Every structure is written in C-alpha cells, then in structure tokens.
Amino acid sequence: MKFSERLFQNVSGIWEKTHEHPFVVGLGKGDLPVESFIRYMKQDYVFLIDYSKLFAFGTVKARDIETMAAFAKLLHETLHGEMDLHRQYAERFGITNEQLEETKPTPINLAYTRYMLNVAQNGSLEELISALLPCMWSYWEIGKMLANNYQGASSHYLYGEWVQMYASDEFGSLAQWLIGLLDQLTDGKPERELAILEEHFLTTSRFEYMFWDMVYQGGEWPV
C-alpha cells in the first residue's frame, strides 16, 4: 500500500464529516447563506497568504531543480489562481483588495496556519507536504463530490465558479503531484517516521473541518 493510500483510509472519517458539513452541502445545493460565503472568502484569502509561504518553503527544502520548479508553480497558481478567484468574488460584493488583505484571522485560522508554518520551518520536506496536503487534496475531493452529487452545482450563479475551480483537472493535477511526491519520499521510511507524517496529516485534516465550521458559525475572538 502506498503511504498516500494509508493516509486516505485513516482520514476517511474526518473527510466524510467535512463533506456532510452544512457549509459544504450549502455550496452544492446553492442555498449557503451569502454572509457565510463572504466570511469564508475573507478568511480563506488571508489563509492563502500564509499557505503560499508553505510552497516557498517547499522550494527551499526541495532536493532537485525539478521539485523546486514544481513548488514555484504551486506558489504562482495559489497567488494568481485561487486568490484571483477570491478577488473576483470580493469585487462582486463591493470588497476591495485592501479590505481583503486587512482581514484579521480568526483563532482557528491563526492556529491552523501557524501549525503548518511551524512544521515548514522546523520539519523535513516530507513533514511539510504531509501538513499542507490535506487542504489541497480535500478541496479537490470536495469539488469533485459537489460537481458529481449536486445537479447544477457547477453552474450556480454564485457558487458555480468555486465548484468548477476545485473540481477541475488543473487543480487536481497539482494535488496529484504532491501526493506522488509524498509517496516517493516516504518509500522505505521506517514506521516511526511515517507515524509523525500521519499525525501531521490527521491534525491538518481536523483543522480543515474546523475551518469550515468556523466560517459557517462565526468564531471570532471572544474578547
């Protein structure tokens, strides 16, 4: 069994709960409250600023030029693909780029990004990938699930572009590259090292669920 297959099996329960979350279901049905989507868009924008830095760390930790170039592509696609979609949505709601960038992260958002950045700074390339992969991989799974299970999700007047992006082969190819690289790097690793990587993967998968819940419910600083 490839290490990614082991990860997928062990995280399936968390990801199933994520697929059933009312925010995700609302995207599919098209009845997600707009205020929840705006909260998501603003929080995810500042999340992606820090998430982009992880790919920069990947370029630094890469062991060959091909891998460096691939991480540089991921950095570019995040800054000019995913974040462009957020900027386009913000424009529809009358939110400026400056307002997006001035968004203060919620406690969950801050804890999630700081966990990944700590792994990126102090861990190996394998640890970095295992920590950042659940976000990209689970988004691809969510996009495909929504496109396949909810009629009209991909053409919804508001949420359709979001579904199209994350269900796309282009986005999926980026996730698949990371999955393949992790399998390559973990081949033959001892169990004690694999257990550390698996814990990172499970932890950030849990953070992903908490992020969806936070943007649906609120979750600002209480004081």
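Please read all numbers here as calculations on a predicted model, not as lab measurements.
Atom NZ of K29 sits about 6.0 Å away from atom OH of Y150, to the nearest 0.5 Å.
Within the structure, every pair that satisfies the ring pair (Phe, Tyr, Trp, His ring centres under 6.0 Å) test and touches residues 87-111, not counting sequence neighbours, is listed here: F37-Y89.
A pairwise comparison of heavy atoms in A90 and L100 identifies CB-CD1, 3.7 Å as the closest pair.
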In residues 65-74, what donor-acceptor pairs under 3.5 Å come from side-chain atoms, sequence neighbours left out?
residue, atom, partner, partner atom, Å
T67, OG1, D64, OD1, 2.8
T67, OG1, D64, OD2, 3.2

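Distance alone, capped at 3.5 Å, places no donor-acceptor pair between the T204 side chain and the L132 backbone. A donor-acceptor pair under 3.5 Å is formed between the side chain of E127 and the backbone N or O of S124. Using modelled atom types, no side-chain atom of T186 and backbone atom of K189 make a donor-acceptor pair closer than 3.5 Å.
Note on L85 and Y157: same hydrophobic cluster, where clusters join Ile, Leu, Val, Met, Phe, Trp and Tyr whose side-chain heavy atoms are under 4.5 Å apart, directly or indirectly. A continuous path of Ile, Leu, Val, Met, Phe, Trp and Tyr side chains, each step under 4.5 Å between heavy atoms, connects Y40 with V34, placing both in one hydrophobic cluster. Hydrophobic cluster membership differs between I49 and V60, with clusters built from Ile, Leu, Val, Met, Phe, Trp and Tyr side chains linked at under 4.5 angstrom. Y115 and L7 fall within the same hydrophobic cluster, where Ile, Leu, Val, Met, Phe, Trp and Tyr residues are linked whenever their side-chain heavy atoms come under 4.5 Å apart, directly or through other members. Note on L110: it does not cluster hydrophobically with M116, by side-chain heavy-atom contacts below 4.5 Å among ILVMFWY residues.
Under the salt bridge (Lys or Arg N to Asp or Glu O under 4.0 Å) criterion, E77 pairs with no residue at all, not counting sequence neighbours.
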### Task
Carefully, step by step, assess Y209 and W15 under the rule ring-ring contact (aromatic ring centres under 6.0 Å, His included).
CA-CA 8 Å; Y209 179 88; W15 285 10; over 10 Å; no

### Steps toward ring-ring contact (aromatic ring centres under 6.0 Å, His included) verdict (Y112, W212)
CA-CA 12 Å; Y112 185 6; W212 291 118; over 10 Å; no

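Remark: of the listed residues T106, T103, T113, T113 is the sole one forming a side-chain contact (heavy atoms from CB on, under 4.5 Å) with F47.
Aromatic ring pairs are classed by plane angle as parallel below 30°, tilted from 30° to 60° and perpendicular above 60°; the pair Y166 and Y139 is perpendicular.
The shortest distance between side-chain heavy atoms of H86 and D44 falls below 4.5 Å.
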